[in-house]
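Residue numbers start at 1 and run along the sequence shown.
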Amino acid sequence: MNQPLTMPTDQPRPGGEREAASGLRSRAALRAANDTRQAPIDARGKIAVITGANAGIGYQAARQLAAAGATVVLACRHPGRMAEAARAIRDEFPDAVIDEVSIDLGSLRSIRAAASAIIDSHPHVDILINNAGVIGEPGWRTLDGFEACFGINHLGHFALTGLLLDKLIGAADARIVTVSSTAHRAARLNTQEWPSPQNPNIYHAYSASKLANLLFAYHLHSLIAASGAPMRSIACHPGWAATQLLWPRPRSPKHRASVAALQAIGAIIAQPAEDGAQPLLRAATADVPSGVYLGPSRWWRTRGPATIEKSSVNSHDAQAGRLLWDLSVELCGVDYAALAGSAAAGLTPDLPGDRGASEQRKVPNQPDVRPEPLALANGDVLTVRPSTS
């Protein structure tokens with residue numbers, strides 16, 4: 001569901017690709033050259049929760065994990081479409097074990113209810129794939145009043161992951177997979193716009209939410225590393241996949257024209273959703289380290305076998321990651337208490353890509369600072385939160 005909105009410009013042209021030298025060819029030729037199939041996966045005994053699993057790459061990830069023996073929990077907003085997806089998987093794989101949980105990632109109340117249902121029904125969670133995403137329209141808000149892209153693509157998954165944290169820690173080598181997009185490279189790192197960017201451009205809001213996904217995944221990795229919890233936080237993107245992300249018809253003529261242009265390009269070069277799901281599956285099952293970013297390796301990172309790649313410089317901004325984390329805790333009330341031991345130990349772990357990221361640094365003892373209102377001379381009132389700027 002995370003089709004890139006811009007082509008990354010900071011990636012080198014892959015060497016030895018004859019297709020690139022001769023320009024775009026037919027979709028059939030591109031698919032034939034894609035060759036994304038990797039080693040068969042074995043997910044027997046695993047319990048996997050996938051958001052947005054009724055269509056696109058989420059459905060394909062659910063389908064292939066079910067085929068590999070996992071118990072798959074479809075976590076979707078639309079009950080009817082979710083039931084159709086579950087039925088299709090069972091028809092193809094009669095032995096598949098599928099559970100269905102309704103969740104609206106734009107409602108913290110719905111997220112808590114869905115998490116409770118998963119906790120009550122399953123002894124542990126081995127794989128959590130935070131996949132669902134939207135682009136939306138200017139002015140769209142979640143039920144809790146947050147800008148839609150930030151609220152659904154980032155904050156909803158932040159809350160769900162935190163609420164399932166005990167079940168993840170209870171598994172052996174659990175995976176938390178955060179699905180971002182190459183669109184994160186186009187995002188401006190403006191922390192003042194969290195959680196409600198003022199720019200009416202829907203693509204800027206979407207790109208910002210995909211950058212937030214990476215900041216979350218990397219900061220979560222640092223907390224996991226410091227706490228010693230048996231988990232991995234892995235980010236990924238599907239390249240340019242043929243999904244329903246751009247299906248809604250925008251109201252604005254300008255945005256309709258942009259969507260039409262992207263759909264026309266995608267009709268030529270987009271890979272099937274089944275291939276776009278490969279980075280998700282690799283992140284969920286392969287022996288890759290925590291804290292990495294996976295994506296397709298060919299055609300400017302739009303298709304091909306999944307490999308480790310570098311995300312943008314902004315995505316490795318440790319200060320922004322901590323600020324986003326503290327803000328998210330405040331907004332959704334989910335505090336990741338199970339990983340609080342790392343903070344209590346006075347450690348500030350490095351993030352992948354930080355300068356000098358080779359070992360943890362000891363931080364001087366900090367006073368017990370609690371969020372309190374601060375009255376300024378002009379009458380404004382600020383709330384100061386610890387561990388942020």
Checklist entry - Under 3.5 Å, is there a donor-acceptor pair between the side chain of R77 and the main chain of L105? => result no

Item to check | Interatomic distance, N131 atom CG to N153 atom CG [nearest 0.5 angstrom] | outcome: 10.0 Å

Item to check | Shortest non-hydrogen contact from I169 toward A338 | outcome: CD1-CB, 3.5 Å

Item to check | Y293 versus S180, side-chain donor and acceptor atoms under 3.5 Å | outcome: no

Checklist entry - Given the side-chain rings of F158 and Y336, with only the six-membered ring counted for Trp, is the space between their centroids under 6.0 Å? => result yes

Next on the checklist: Quick check: closest heavy atoms across W325 and L223, and the distance to 0.1 Å?
Outcome noted: CZ2-CD1, 3.4 Å

Item to check | Worked check of side chain to side chain contact (heavy atoms under 4.5 Å, CB included) between R282 and C236 | outcome: CA-CA 9 Å; R282 182 167 173 78; C236 65; over 6 Å; no

Checklist entry - Step by step, would you call L331 with F146 a side chain to side chain contact (heavy atoms under 4.5 Å, CB included)? => result CA-CA 9 Å; L331 293 176; F146 307 120; 3.8 Å; yes

Item to check | SB check D287 R232 (cutoff 4.0 Å) | outcome: yes

Checklist entry - What distance separates C149 SG from L155 CG, expressed to the nearest 0.5 Å? => result 13.0 Å

Checklist entry - Does the side chain of Q319 come under 3.5 Å of the side chain of R322 through a donor N or O and an acceptor N or O? => result no

Checklist outcome for this item: Output for pair (I50 CD1, I127 CD1), nearest 0.5 Å, gives 8.0 Å

Checklist entry - H237 and H184: side chain to side chain contact (heavy atoms under 4.5 Å, CB included), yes or no, with the steps? => result CA-CA 10 Å; H237 75 91; H184 86 273; over 6 Å; no

Next on the checklist: Can you tell me how far apart NZ (K310) and NE2 (H316) are? Round to the nearest 0.5 Å.
Outcome noted: 8.5 Å

Item to check | Nearest-0.5 Å distance that lies between atom CD1 in I224 and atom CG in L339 | outcome: 6.0 Å

Next on the checklist: So does H219 get a backbone contact from the side chain of S222, meaning a donor-acceptor N/O pair under 3.5 Å?
Outcome noted: yes

Next on the checklist: With side chain to side chain contact (heavy atoms under 4.5 Å, CB included) as the criterion, how do L160 and L128 come out once you've worked through the C-alpha distance, each side chain's angles and the decisive distance to 0.1 Å?
Outcome noted: CA-CA 9 Å; L160 178 63; L128 171 61; 4.2 Å; yes

Checklist entry - Between CG of D126 and OG1 of T285, what distance do you get to the nearest 0.5 Å? => result 12.0 Å

Item to check | T191 vs L324 side-chain heavy atoms within contact, under 4.5 Å | outcome: no

Checklist entry - Between the main-chain N or O of A217 and the side-chain N or O of S233, is there a donor-acceptor pair closer than 3.5 Å? => result yes

Item to check | Min side-chain heavy-atom separation S110-I103 under 4.5 Å | outcome: yes

Checklist entry - Can you name the nearest heavy-atom pair linking I57 to V179, along with the distance? => result CD1-CG1, 4.3 Å

Checklist entry - Would you call L165 and M231 a side-chain contact if the rule is heavy atoms closer than 4.5 Å? => result yes

Item to check | Residue pairs fulfilling side-chain hydrogen bond (donor to acceptor under 3.5 Å, both in side chains) with at least one residue in residues 154-164, sequence neighbours excluded | outcome: T51-H157, N130-T161, H154-S328

Next on the checklist: Closer than 3.5 angstrom, by distance alone: can the side chain of N54 be matched with the main-chain N or O of R81 as a donor-acceptor pair?
Outcome noted: no

Checklist entry - So do H122 and K167 actually touch side chain to side chain, heavy atoms under 4.5 Å? => result no

Next on the checklist: Using side-chain heavy atoms (C-beta onward) and a distance below 4.5 Å, is H78 in contact with M82?
Outcome noted: no

